[in-house]
Amino acid sequence: MARQSGSINPVPKSEVEAVMTVTPMKVTDPRQTRQVFVVDAVGSGIFQRCLNMVLYYRKEEDGSGWMVAGWIKESLGKALLEQPMLGGRLRRGENGEGGLEIVSNDSGIRVVEAQIAMNLSEFLELKEREEAEAELVFWKEIEEQNPEFSPLFYVQVTNFRCGGYSVGISCSILLTDLLLGTNFLKTWANIHQNVVTQNSSSKVPIFYLPNLKKPSNTPVSIITSASSKSRGLTLFFKITSENVNFDTEFWKKLALQCLEEVENRLGKEVAVHFSLFLNESFETIKVESCSKHEMVKSENWNIKMQLAPAAWEDLGETVLSLTEGNKPVLVSKWIGASSDGVFLAIPSHDAKEINIIVTVPNEKL
């Protein structure tokens with residue numbers, strides 16, 4: 001099944017070959033919950049927004065993307081024991097009538113296997129590579145009416161014609177801190193290497209797709225992805241958390257200061273409206289829709305915190321070796337774009353600093 005592209009310049013299309021659900025190896029007990037406090041769930045974009053990541057790997061002598069995907073189905077089941085919330089679901093509390101919450105109910109994540117009729121080197125040299133990367137990640141928007149049926153985490157392994165492969169990750173923006181701020185990816189990579197080493201006597205994993213089906217048997221419409229080809233421009237800051245009263249008004253003012261800093265760097269005005277995601281604790285995330293113009297008009301809006309520059313790497317290691325000695329040749333990360341901006345605050349491991357992610361629409365920049 002080739003994904004459709006609306007681009008004027010054609011980009012390569014991936015073919016989905018298989019989809020599987022991976023759950024934690026053991027039942028999560030007790031279950032974890034995270035309250036999601038939001039007034040305008042639809043307008044804030046919590047059902048649509050996600051963090052995307054693609055890691056590119058060259059061909060290995062004794063392996064392929066099909067092999068890696070087969071072992072991933074085992075290693076991820078073990079890694080989810082460390083962070084079961086990633087395999088959970090968003091739901092409405094109190095018999096479906098209350099507020100939103102994420103619960104680690106072991107419903108699992110989706111693992112997608114795909115192939116693309118292009119060499120890895122050719123793909124990396126594409127002028128439209130950023131647009132084409134939407135073919136290497138899988139994402140479906142969370143169902144607004146019945147969110148409990150929608151996965152919050154996807155992994156797509158895509159095989160290139162030359163034998164190279166990519167690992168694409170899509171994670172709900174509501175779980176960004178658990179993916180990046182907890183070193184989950186590094187933990188998963190270590191577990192994956194151990195799984196491969198412990199099974200060195202086995203030539204192939206149990207879930208080795210070429211042994212289970214032929215590409216020609218692909219259904220006409222096995223599954224469709226809603227991965228966006230547009231992405232926002234993302235900048236990073238960090239502040240110290242000492243002697244600061246982190247109430248909602250403070251975050252709004254800080255978000256406005258960050259947006260002004262972004263505008264100064266770009267030399268033009270950016271998003272008027274933005275969504276504020278505050279990871280107050282593991283158990284709580286607050287989401288608010290804000291207007292920059294309304295903030296400027298309010299009294300005492302102007303604060304001046306010392307904003308230090310930061311980067312993706314400050315949020316956790318993402319250069320991962322799933323097999324020993326084979327580091328990715330490139331790691332691409334982005335947050336999908338919309339007409340509004342995103343302000344995401346994530347506490348550091350030691351809680352002494354706050355990492356801030358600001359994403360603004362990238363059109364005409």
Side-chain angles (χ1 to χ4, degrees), residues 21-24 28 31-38 41 44-54 76-77 79-93 99-112 137-144 147-156 167-189 226-228 232 234 275-288 312 314-318 320 333-336 342-349 354-357 359:
T21 299
V22 176
T23 61
T28 302
R31 288 185 173 182
Q32 302 171 352
T33 58
R34 165 173 284 190
Q35 302 298 316
V36 181
F37 296 104
V38 57
S44 62
I46 64 171
F47 298 116
Q48 297 84 26
R49 297 185 188 276
C50 68
L51 167 70
N52 298 292
M53 184 183 308
V54 179
L76 262 181
L80 284 175
L81 296 176
E82 304 295 324
Q83 200 56 263
M85 195 72 81
L86 295 174
R89 294 292 185 271
L90 181 67
R91 70 180 186 184
R92 303 184 190 279
L100 292 169
E101 63 180 9
I102 302 174
V103 59
S104 59
N105 59 3
D106 297 338
S107 292
I109 68 176
R110 295 283 193 269
V111 175
V112 178
V137 292
F138 195 96
W139 177 250
K140 290 184 71 68
E141 294 181 357
I142 300 170
E143 292 286 342
E144 296 176 8
E148 65 273 15
F149 298 121
S150 299
L152 304 178
F153 193 100
Y154 292 85
V155 174
Q156 175 176 319
V167 177
I169 296 171
S170 298
C171 175
S172 167
I173 196 169
L174 297 173
L175 297 176
T176 300
D177 62 313
L178 302 186
L179 177 65
L180 298 179
T182 62
N183 274 331
F184 171 79
L185 293 175
K186 183 178 180 180
T187 299
W188 172 31
S227 299
S228 174
T234 301
S275 297
L276 196 67
F277 292 82
L278 307 177
N279 293 99
E280 293 190 337
S281 67
F282 179 89
E283 295 81 12
T284 303
I285 181 172
K286 288 184 178 180
V287 185
E288 290 203 24
W312 282 110
D314 292 304
L315 295 169
E317 185 174 350
T318 57
L320 310 173
K333 301 175 283 288
W334 72 95
I335 293 176
V342 173
F343 177 94
L344 181 61
I346 301 176
S348 61
H349 298 297
I354 305 295
N355 294 297
I356 299 170
I357 304 175
T359 297

Using 0.5 Å steps for rounding, measure from the [atom1] atom of [X] to the [atom2] atom of [Y].
| X | Y | atom1 | atom2 | answer |
| --- | --- | --- | --- | --- |
| Glu288 | Phe343 | CD | CZ | 12.0 Å |
| Lys140 | Phe47 | NZ | CZ | 15.5 Å |
| Ile285 | Glu101 | CD1 | CD | 14.0 Å |
| Glu283 | Gln35 | CD | CD | 9.5 Å |
| Thr187 | Leu320 | OG1 | CG | 10.0 Å |
| Ser107 | Leu152 | OG | CG | 9.0 Å |

Has [X] got a side-chain atom pairing as donor or acceptor with [Y]'s backbone, closer than 3.5 angstrom?
| X | Y | value |
| --- | --- | --- |
| Ser275 | Ser44 | yes |
| Arg49 | Val342 | no |
| Ser170 | Phe138 | yes |

Mutual orientation of the aromatic rings belonging to Tyr154 and Trp139 [parallel < 30°, tilted 30-60°, perpendicular > 60°]: perpendicular
Between Arg34 and Leu174, what is the shortest heavy-atom contact and its length? NH1-O, 3.0 Å
Which atoms form the tightest heavy-atom contact between Gly77 and Val22, and what is the distance? N-CG1, 3.6 Å
Distance under 6.0 Å and angle within 45° of ring axis: Arg89 vs Phe149: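 That pair does not qualify as a cation-pi contact.
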Decide if atom CD of Glu143 counts as having more than 12 heavy atoms of other residues, nucleotides or ligands within a radius under 6.0 Å.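 Not more than 12 within 6.0 Å, no.
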Got more than 12 heavy atoms from elsewhere within 6.0 Å of NZ, Lys333?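 Counting neighbours around NZ of Lys333, more than 12 heavy atoms of other residues, nucleotides or ligands fall under 6.0 Å, so yes.
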How far apart are the C-alpha atoms of Met53 and Leu185, what are their side-chain angles, what is the distance that settles it, and do they pass the side-chain contact (heavy atoms from CB on, under 4.5 Å) test? CA-CA 11 Å; Met53 184 183 308; Leu185 293 175; 3.8 Å; yes
Set of residues satisfying salt bridge (Lys or Arg N to Asp or Glu O under 4.0 Å) with respect to Asp106, sequence neighbours excluded: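 With neighbours one apart ignored, the set is empty.
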Check whether any side-chain heavy atom of [X] sits under 4.5 Å from a side-chain heavy atom of [Y], and report yes or no.
| X | Y | result |
| --- | --- | --- |
| Trp334 | Thr359 | no |
| Leu175 | Phe153 | no |
| Ser172 | Ile142 | yes |
| Ile173 | Leu51 | no |

Going by the side-chain contact (heavy atoms from CB on, under 4.5 Å) test, name the single residue among Ile169, Leu80, Asn183 that passes it with Trp188. Ile169
Matching residue for Ile346 among Ile356, Leu178, Leu180, Asn279 - test: side-chain contact (heavy atoms from CB on, under 4.5 Å):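 Exactly one candidate clears the test, Asn279.
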Under the side-chain contact (heavy atoms from CB on, under 4.5 Å) criterion, do Phe282 and Asp177 qualify, and how do the steps go? CA-CA 9 Å; Phe282 179 89; Asp177 62 313; 5.8 Å; no
Chi angles and distances behind the side chain to side chain donor-acceptor pair (under 3.5 Å) call for Thr21, Arg110: CA-CA 5 Å; Thr21 299; Arg110 295 283 193 269; 2.8 Å; yes
